[in-house]
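Just so it is clear, the model here is predicted, and its values are computed rather than measured. Counting starts at 1 for both ligands and their atoms, in listed order.
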Amino acid sequence: MRIDVVTVFPDYLAPLQLSLLGKAQEAGRLEAHVHDLRAFTTDRHRSVDDTPYGGGAGMVMTPGPWGAALDAVLAQGPEGARPRLVVPSPAGRVFTQDVAAEYAADPWLVFACGRYEGIDARVLEDARSRYDVDELSIGDYVLFGGEVAVLVVVEAVGRLLPGVLGNAESLAEESHTGGLLEAPTWTKPAQWRGLGVPDVLVSGDHARIARWRRDESLRRTASTRPDLLARLDVDGLDRADLAV
Ligand SMILES: N#Cc1c(-c2ccc3ccn(Cc4ccc(CN5CCOCC5)cc4)c3c2)n[nH]c1N
């Protein structure tokens, strides 16, 4: 997978070089390019924003540098390719594990990181002729800009790429895969500050352990995220059993 990120704060994306995402790049599983939007400005002040038409608080990012940046990114990719352009925004569709899985199947993701009060609407309108544009929100709160959202999305998507996560089995058991929260976990020592480990987990009975973890997962989901449970048609689930 190739990802390109256009931003006025390239240093915000430095974490992409760390940990498993950094290793994925070294292994050639992920190719990340960060572009400074100001490199595509033409005035001596290298300006990227201006006052909003119709009035209102704050500033809006001007279309010129964005158009040039998105043209340049496209020119660096394969002839005729039509990448997905992901535009983080408070007004975007909510990013979920299902969206991460959708993105993980894309060969090329381009991220446009807005700042101020957002990007001139014509940038996305113009981009739709050569990108699949997707406005995306990582949650119902307001950030300063799109960079943090890109880090969230790239980490969630990167984990799903083949070979990036050492233990791919864990993907099947973790929260939001299959729509439930994962069960609590324990490791050594067997006793810690007077607290032990559930007997079933040291029973060696793997079928019983799997059933116990499933029950704990259902109980935790019913208690913490009943909204997730409502969406699921869990086989043989007796919701009365989950009264918590
Ligand atoms: N993903 C994600 C995000 C973002 C996000 C993503 C990208 C940008 C680019 C700029 N900002 C700041 C910003 C602040 C306020 C507003 C609203 N105003 C717009 C003008 O009319 C009045 C209302 C918009 C933009 C961003 C925020 N926030 N929360 C998420 N989950």
Side-chain angles (χ1 to χ4, degrees), residues 1-16 18 21 30 32-41 45-73 83-106 108-128 131-160 175-176 224-225 227-228 231:
M1 174 184 284
R2 172 172 174 149
I3 67 167
D4 287 83
V5 186
V6 181
T7 170
V8 289
F9 291 121
D11 292 349
Y12 237 108
L13 281 302
L16 293 182
L18 303 175
L21 285 178
L30 181 66
H33 303 267
V34 179
H35 309 268
D36 184 346
L37 182 68
R38 292 195 192 277
F40 299 92
T41 58
H45 297 296
R46 308 185 83 206
S47 57
V48 293
D49 64 301
D50 206 330
T51 53
Y53 277 117
M59 303 291 274
V60 174
M61 299 189 95
T62 53
W66 276 108
L70 294 178
D71 289 348
V73 166
R84 190 189 298 257
L85 177 63
V86 181
V87 186
S89 163
R93 70 165 169 153
V94 176
F95 183 60
T96 64
Q97 191 68 19
D98 287 346
V99 177
E102 187 186 326
Y103 285 6
D106 283 336
W108 189 8
L109 296 175
V110 179
F111 294 90
C113 296
R115 281 271 153 172
Y116 307 98
E117 294 293 318
I119 302 171
D120 184 299
R122 290 168 292 183
V123 172
L124 276 60
E125 187 180 345
D126 171 67
R128 286 192 177 95
Y131 288 90
D132 291 328
V133 177
D134 198 2
E135 285 189 88
L136 194 75
S137 168
I138 61 168
D140 293 340
Y141 38 78
V142 183
L143 302 170
F144 278 121
E147 287 80 7
V148 167
V150 171
L151 292 174
V152 166
V153 172
V154 172
E155 185 155 316
V157 172
R159 296 176 83 254
L160 300 178
S175 286
H176 303 293
T224 309
R225 289 293 305 275
D227 58 301
L228 293 178
R231 280 190 225 151

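- Residues Ile3 and Met1 have side chains in contact (heavy-atom distance under 4.5 Å, counting atoms from C-beta outward).
- Between Tyr12 and Phe9, the angle of the ring planes lies from 30° to 60°, which puts this pair in the tilted group.
- Only the backbone of Ser89 comes within 4.0 Å of ligand 1, judged by heavy-atom distances.
- By the 3.5 Å distance cut-off applied to N or O atoms, Gly139 is counted among the residues near ligand 1.
- Nearest to atom 19 (C) of ligand 1 among the protein's heavy atoms is Glu117 OE1, 3.2 Å.
- Considering only heavy atoms from C-beta on, Thr96 comes within 4.5 Å of Val99 through its side chain.
- Ligand 1 has no nitrogen or oxygen under 3.5 angstrom from a nitrogen or oxygen of Gly118.
- Within the 4.5 Å cutoff, the side chain of His35 has no heavy atoms near those of the Thr7 side chain.
- Protein heavy atom at the shortest distance from atom 13 (C) of ligand 1 is Tyr116 O, 3.5 Å.
- In terms of polar-atom proximity, defined here as any N/O pair under 3.5 Å, Leu143 does make such a contact with ligand 1.
- Here the side chains of Val150 and Pro88 are in contact, with some heavy-atom distance below 4.5 Å.
- Applying the 4.0 Å criterion to heavy atoms of Phe144 picks out, from ligand 1, the atoms 10 (C), 11 (N), 12 (C).
- Closest heavy-atom approach to atom 5 (C) of ligand 1 among the candidates Gly114, Ala91, Pro90: Pro90.
- Near Ala149, with a cut-off below 4.0 Å to any heavy atom, the atoms of ligand 1 are 1 (N).
- Between the side chains of Asp4 and Trp108, at least one donor N or O sits under 3.5 Å from an acceptor N or O.
- The nearest heavy-atom contact from the protein to atom 26 (C) of ligand 1 is Gly145 CA, 3.7 Å.
- An N or O contact shorter than 3.5 Å links Ser137 to ligand 1 by distance.
- Rounding to the nearest 0.5 Å places CZ of Phe95 at 6.5 Å from CG of Leu136.
- Of all protein heavy atoms, the one closest to atom 30 (C) of ligand 1 is Tyr141 O, 3.4 Å.
- Between the CG atom in Leu13 and the SG atom in Cys113 there is a gap of 5.5 Å [rounded to 0.5 Å].
- Atoms of ligand 1 lying under 4.0 Å from any heavy atom of Val142, numbered from 1 in the order shown and given with element: 14 (C), 15 (C), 28 (N), 29 (N).
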Quick one, Trp66 with Asp120, criterion side chain to side chain contact (heavy atoms under 4.5 Å, CB included). Give me CA distance, side-chain angles, the key distance, then yes/no. CA-CA 9 Å; Trp66 276 108; Asp120 184 299; over 6 Å; no
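- Using a 4.5 Å cut-off on side-chain heavy atoms (C-beta onward), Arg2 and His33 make contact.
- Residue-ligand proximity, Pro88 to ligand 1, at heavy-atom distances under 4.0 Å covers atoms 1 (N), 6 (C), 7 (C).
- By the criterion of a heavy-atom distance under 4.0 Å, neither the backbone nor the side chain of Ile119 is placed next to ligand 1.
- Looking at Phe95 against ligand 1, nothing comes within 4.0 Å, counting heavy atoms.
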